[in-house]
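What follows is a single structure, written as structure tokens, with notes after it.
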Amino acid sequence: MVTNEDVVRTLERIADLLEIRGENVYKVRAYRQAAVQVENLGESIADVAAGEGGLVSLAGFGPAIAEKVSDLLQSGRLAFLEELEAEVPPTLLALCALPGVGPRTAALLWREAGITRLEELDAAAHSGTLQGIPRLGAKSIERIVAALDSQRDRGAKTRRARADVQPIVDELTGVLRALPEAAMVEAAGSFRRRRESIGDLDIVVATATPSKVLVAFSALPQVERVLMCGDTKSSVEVASGFQVDCRAVSVAQFGAAMQYFTGSQAHNVRLRGRALRMGLTLNEYGVFRLDGGERIAGATEEDVYAALGLRWIPPEQREDRGEIEAAVIDDVALAGAAVQTVLPRI
DNA sequence: ATGACAGCGCATAACG
DNA sequence: CGTTATGCGC
DNA sequence: GTCAT
């Protein structure tokens, strides 16, 4: 019995391996998007495969992916994935899990130094074997060593339970709110969406003096390591390697930034698509007209959703499970049911 | 058939 | 040295 | 690789 979860894992694995192989980014994305669709599917994918229209009736499923998933459902195996794993060592995926090491770097380490495993990378980083590899300077090697150390410290635990993150949120937002430069401070990301499992924490701060806030944030006693600190954002690690990002934005951008960094990614992609069809564009700075670029929203989340013809959507619903359609402010409906069926809905 | 699919901030290495 | 290219992460 | 055109 192949579950939806099995299919999701398989599609994501294919995407990761294709990425290391250097495949077209949109092909990689297609597999990831198909995985998200299965994740959000309210029924068994086996039923969909057997039902009217088959797998290609799912959004993000074309002939190629439908065929592969069909193979998997029928036989419990996928020859395509097995061939891919024979070509690209799957142990490279563990390298990509290191912050700062992505698919390109994993491929580089594999190609230039024959490294496919974490232990090999660790040994090579300390023995000096990595020196001389193009694109890997002293700083990069140092960062890899630090990432390996950090991973060892926290025992490879990558995500935290919400209950463990709550006190970190309270503490950090409390300290930031005490800064006179910080006009508004809110946690965003999956924490704000009230997910049970949190990968990292995003804090958005509205301020007229971003650098002051970010420098103060990076210097907090809770911070064990500063990953980066620029003019608009800072990334740090607090207790045992938990990553916290701080974004400094203007008061006028605060709502757009909160919306953007609260996600989910799938929710944002769908909102962006809706914006485009309305002749608008949406990003972390606001909602803008495509022609002329005039800004029409951004100070509050309500403004942002309203500019897209939507009611404000509670963060915990922002998972691309139909919440956007449900939030449409349908003023056409006021004109009568007959009109609704004629006018294309945006 | 063919083009779009988001795009930007940051760090680092390579380049001139 | 300043500028540009690349990879990463979101 | 998928979707809209």
Side-chain angles (χ1 to χ4, degrees), chain A residues 11 14-16 18-37 55-69 80 95-109 112 130-144 146-147 158 188-190 199-204 210-211 214 218 226-236 243-249 253 256-277 280-288 290 293 344:
Chain A
L11 291 173
I14 290 172
D16 291 343
L18 287 175
E19 199 168 25
I20 294 174
R21 195 167 78 171
E23 276 286 357
N24 181 307
V25 294
Y26 294 108
K27 182 185 290 193
V28 174
R29 187 173 303 171
Y31 279 94
R32 296 228 163 94
Q33 277 171 348
V36 168
Q37 287 306 316
L55 289 172
V56 287
S57 65
L58 293 178
F61 273 66
I65 293 179
E67 162 134 32
K68 291 180 179 78
V69 171
F80 175 76
L95 271 56
C96 293
L98 295 169
V101 178
R104 317 299 290 236
T105 305
L108 181 77
L109 290 165
E112 296 287 331
L130 294 184
Q131 286 168 26
I133 295 180
R135 227 181 53 66
L136 282 191
K139 293 263 194 178
S140 297
I141 295 172
E142 189 187 338
R143 208 182 42 201
I144 287 171
T158 57
S190 54
D200 62 19
L201 183 62
D202 288 289
I203 298 176
V204 181
S211 57
L214 293 177
S218 305
V226 179
L227 301 173
M228 63 153 86
C229 184
D231 294 334
T232 65
K233 70 179 179 191
S234 166
S235 291
V236 304
Q243 183 172 329
V244 184
D245 297 342
C246 183
R247 321 265 173 174
V249 303
Q253 296 169 339
M258 283 300 294
Q259 193 291 312
Y260 182 86
F261 292 113
T262 295
S264 67
Q265 172 126 355
H267 176 88
N268 286 356
V269 165
R270 193 160 291 267
L271 269 194
R272 223 161 33 219
R274 179 180 173 84
L276 282 178
R277 275 172 288 136
L280 303 170
T281 174
L282 167 68
N283 57 34
E284 66 265 52
Y285 308 115
V287 181
F288 301 84
L290 277 178

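Per chain, numbering begins at 1; letters A, B, ... match sequence-line order.
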So, OP1 or OP2 of [N]: does either fall under 4.0 Å of a side-chain N or O from [X]?
X	N	result
A/Ser235	B/dC10	no
A/Tyr285	B/dG9	yes
A/Lys68	D/dG1	yes
A/Thr105	C/dC8	yes
A/Ser140	B/dA13	yes
A/Arg135	C/dA5	no

Stepwise salt bridge (Lys or Arg N to Asp or Glu O under 4.0 Å) test for A/Asp202 and A/Arg247: CA-CA 8 Å; A/Asp202 288 289; A/Arg247 321 265 173 174; 3.7 Å; yes
Side-chain heavy-atom pair A/Gln259, A/His267 within 4.5 angstrom cut-off: yes
In this structure, how many angstroms lie between the [atom2] atom of [N] and the [atom1] atom of [X], rounded?
X	N	atom1	atom2	answer
A/Phe261	B/dG9	CZ	P	10 Å
A/Leu276	B/dC5	CG	P	7 Å
A/Glu284	B/dC10	CD	C1'	13 Å
A/Lys139	C/dC8	NZ	C1'	17 Å

Sugar-phosphate only, base, or nothing, as touched by A/Asn283 at under 4.0 Å among non-hydrogen atoms: nothing
